[in-house]
Every structure is written in structure tokens, then in C-alpha cells.
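Step one of this worksheet: look at the structure below.
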Protein chains: 2
Amino acid sequence: MTTPTPVDAATAPRRTRNALMTKEALLAAAQELFGRKGYERTTTREIGEAAGVDPALIARYFGSKADLYLAAVAAERLADDERDEPAGVDQPFADLQDVVEVVLRLTARQGPGPILQALVRDDAPPEIREAARARLVRRIVQPVAAQFDADGIDRPTLRAQVAVAALLGVGLGRSLGWFDELHATDPDELAVLVLEALGRPG
Amino acid sequence: MTTPTPVDAATAPRRTRNALMTKEALLAAAQELFGRKGYERTTTREIGEAAGVDPALIARYFGSKADLYLAAVAAERLADDERDEPAGVDQPFADLQDVVEVVLRLTARQGPGPILQALVRDDAPPEIREAARARLVRRIVQPVAAQFDADGIDRPTLRAQVAVAALLGVGLGRSLGWFDELHATDPDELAVLVLEALGRPG
DNA sequence: CTACTATGTCATCAACTGATGACTTACGAC
DNA sequence: GTCGTAAGTCATCAGTTGATGACATAGTAG
């Protein structure tokens, strides 16, 4: 257990076998996984795979899974980085068709993004949910309502809200794999279908 | 599987061996334990012991641990509602109109129930999400698809899936207060609106 | 080079999980 | 009483979990 070369932690840990980098990789993976799935649902094997490291090293460097969790929580304060947002949601939309296509295409990838999840979870931090909600209204609901109004449709705001909520439901169900066909259908094809229903309210 | 004595469920289930009492004991124990310790940390053996019943009976009466969880959650919900019909979500639906009305009415009061949340959150335990999903498909999507098919509508299954997902989106947005008008509008009035869009696909 | 050790790999463990199906028992009709 | 069946019991399964220690290898000092 004696360190032959008590290397200063800051200087030159450049090696392919690097205990420091390994520890940090484990810590980062643990933070991500524990944060996303919770403690119980995260396995040491997952953490190891995510970190590109053998799970046995968790025991070596942290003692146990529980100890790794404590270490991850303790280090949590440092990782308060900025969050990415889909570029698509930031652009103004011309009409409902744009909206439908973009939303369906966004949810075509895997899982709903952090924004949609914030919108949907009842335990999300209120200020985050409110921010997501406000953006949704401004970028999507209002343009659609304006279009409905211009088209002389009755109760344009309410109908726009219904349409957007419905669309989010479809996107959510699609990205979470609720239904087989819904999941498998091509985004563009689906857009046509959804537009048929939402596009001509009243 | 023929019942020799089709005893009316309401009358005289006074026996030492009583399926009804056993189910209720399991349900009560499940509510208590799931509520206190969460799903993952609660084992079927614990539930059985707390209920004074063999854990194998969970499988017999509820199907699985995940199904028991859903049943416990549903039962809790019904207990809150004073006079809600005991059938609730457990009965098959006649047509899309039924579905729309029930869903909108259910999401009218409080936030989305645990079941809807389980369906919607990407960090929910997979078994529970799958159980909720399976129930949704069987009780709602399939009947609606059958109706669409009977009406000679093209691609009935896909359209039913889209319709149900959209409907859930509306219910979700409504119960979470996404949009003001959507939140304020009377359920029945809203039902008419949604049906206009979903009810006549193609 | 040789040797030493920090680092990483691997096979495997014991414990626990939910689930299953064959078996036993008690109920209640007759 | 008998007897069929619902209700309950039990042993055991297959899978997963976190953990462990023997082993292999890379990096470095001398």
C-alpha cells in the first residue's frame, strides 16, 4: 500500500492505467445514472459499463455501491452545468403542420428530452416546470392559436391548447413506446395522420 | 373452472378460507408497504407476511407484483373518491366517447394518478410501466381499434393508438395545468371538442 | 534489463428476488 | 357421510444483485 512515487494528484497522471481517471469516470457515470434512475434501479454493472470500467473497481476505489452513491451525491454540487435544449423548439413556427412535424421528429429519437419530462412529471421542480410551460405556450400554442384564429375557427386558443396537448401525448407515447404501431410508424406518415385530426377542428 | 355454488359476492363470504378477505388483506398490506417503502424496496415476501398470507397468492389473485402495485394504487384512488363507481377504469369501454369522457373526468380533479405517471416517466420501474401499458392497451386501445374497424376506418389500430395517446396528452396537460383555458374548461364541453377531432379520423 | 506494485480483469460466490406449478387442505353442496 | 373444487402451502426455479479474491498486466524505479 506504499506509494513508490507519491505523485502529486494535479501533475502528470497521464497514463493509460490511471486510478484518478478511473475514479472520476465511475463518479461521473454514477451521478448520471443515480440521478436519472435512482439508487435501487441502478446496478454496479451498469455504472461500470457506462464508465467503461470494470464494476469490481467500484469496490476497490469506493468500497461499495452505497459508498459510491454518497461520493456521487457529495460531488453533485460541482456538476451544475448548463442544459442543452433542442434547437427546434426555439424557432418560431409557421403553422400547425410545422409544429406537428417537428414534434414528431424530435420524439422519434429515443426517450423524451429533459424538457418534456419536466413538463410531464408531477415531482419536477416547480420553477423548471413553469419555465418549460411558458416556453411551450409562447413558441407553440400561441402561433397555432393565431393560425386558428386567422382561419376563422371557433375558440382558437382552447382548440390550440387541446391540439398541442394531444400532440405532446402522441409524441410522448411514441418516444416511450406505448404502442407498437405508433412506435414503428414513420414520423412523416404519422404527421399526416395527426394533421388530419388536429388540422381541421370544429 | 365451473363454480359449483355461484355464491353472490355480497352475501356470506364468512369462511376461514376466504378469497375476498385474502385479496383485501394483500391489497391493504401492499398499500401500506408500497406507500412507506416504495415499490423496489418492498418484496412480495414482505407483503405476504404483513398480510398473513402466502406470497404465492399475489400471483394467483393479482398476476404479479407490478399488477398488485397498480391495484393498490387504483384502490387508494377509489378510496379517496367518495362515490366513484367501483368499476372505474376496470371495465371495458363501449366506444371512444366513453373513453374520452372517463379520461377527462378522471384527470379533472387532482394531478395525474400514479398509474399515468408510471406510464409517462422515463425513470419508472420497467415492470410497472409495462403493466400499466398492457392494461391501457387491453382496456382502451383495443376496444377503440375494434370500433374503428367496425366503422370501416382505415388503419384502425394505428389510429386508435394515436387517438388514445392524444387523449392522454390532453388529460395530462389538463391535470398538470399546462394551459389556462384547457385547465378551466368543463370536462363535458372538452369531451365534445376532443371527440370532434378524434372521433372522425380519416 | 529486472523487479515490484499499482491497476485492471475475470470467474465466481452467496443472498435475494419474483415467479411457477405440483401438492394439500378446507369448505360447502348434495 | 362423499366429493368436487376453491383456497392455500410449499419447494424450487431462473435470474439478478453486490461483493470478493485470485490472477494478469502495465507502468516505473533501480
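First the proteins, then the strands, lettered A, B, ... as listed; each starts at 1. Worth saying up front: this structure is predicted, and the values here are computed from it rather than measured.
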Return the nearest nucleotide to the side chain of [X]; candidates are [options].
X: B:A56; options: D:dT9, C:dT9, D:dG18; value: D:dT9
X: A:A59; options: D:dA7, C:dT9, D:dT20; value: D:dT20
X: A:T43; options: C:dT9, C:dT17, D:dT17; value: D:dT17
X: B:R17; options: D:dT9, C:dG8, D:dA6; value: D:dA6
X: A:R45; options: C:dA19, C:dT12, D:dT9; value: C:dT12
X: B:R60; options: C:dT9, D:dC10, D:dG8; value: D:dG8
X: A:T44; options: D:dG18, D:dT9, D:dA7; value: D:dG18
X: B:K65; options: D:dA7, D:dG18, C:dG18; value: C:dG18

If the cut-off is 4.0 Å, is B:S64 near the phosphate of C:dG18, judged by side-chain N/O to OP1 or OP2?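 For C:dG18, OP1/OP2 do not have a side-chain N/O of B:S64 under 4.0 Å.
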B:T22 vs D:dG8: side-chain N/O to OP1/OP2 distance below 4.0 Å: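 So the side chain of B:T22 is within the cut-off, an N or O lying under 4.0 Å from OP1 or OP2 of D:dG8.
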Considering heavy-atom distances to DNA chain D, does A:P55 or A:E46 have its closest nucleotide positioned more toward the 5' end?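 Comparing both residues, the 5'-ward one is A:E46.
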Closer to the 5' end of DNA chain D via nearest nucleotide, is it B:Y61 or A:E40?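 Closer to the 5' end of DNA chain D: B:Y61.
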Roughly, in whole Å, what's the span from [atom1] in [X] to [atom2] in [N]?
X: B:E127; N: C:dT17; atom1: CD; atom2: C1'; value: 11 Å
X: A:L20; N: C:dT7; atom1: CG; atom2: C1'; value: 13 Å
X: B:L26; N: D:dA7; atom1: CG; atom2: C1'; value: 13 Å
X: B:I128; N: C:dT17; atom1: CD1; atom2: C1'; value: 15 Å
X: A:D67; N: D:dA19; atom1: CG; atom2: C1'; value: 13 Å
X: B:F62; N: D:dG8; atom1: CZ; atom2: P; value: 12 Å
X: B:L57; N: C:dC23; atom1: CG; atom2: P; value: 18 Å
X: A:L68; N: D:dA19; atom1: CG; atom2: P; value: 10 Å

What's the separation between atom CZ in B:R41 and atom OH in A:Y39, rounded to the nearest 0.5 Å?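 Reported to 0.5 Å precision, the distance equals 8.0 Å.
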State whether the number of non-hydrogen atoms from other residues, nucleotides or ligands found under 6.0 Å of [X] atom [atom1] is greater than 12.
X: A:E40; atom1: CD; value: yes
X: B:E49; atom1: CD; value: no
X: A:R138; atom1: CZ; value: yes

With side-chain contact (heavy atoms from CB on, under 4.5 Å) as the test, would you mind laying out the steps for A:K65 and A:L68 before giving the verdict? CA-CA 5 Å; A:K65 179 192 177 187; A:L68 173 58; 5.6 Å; no
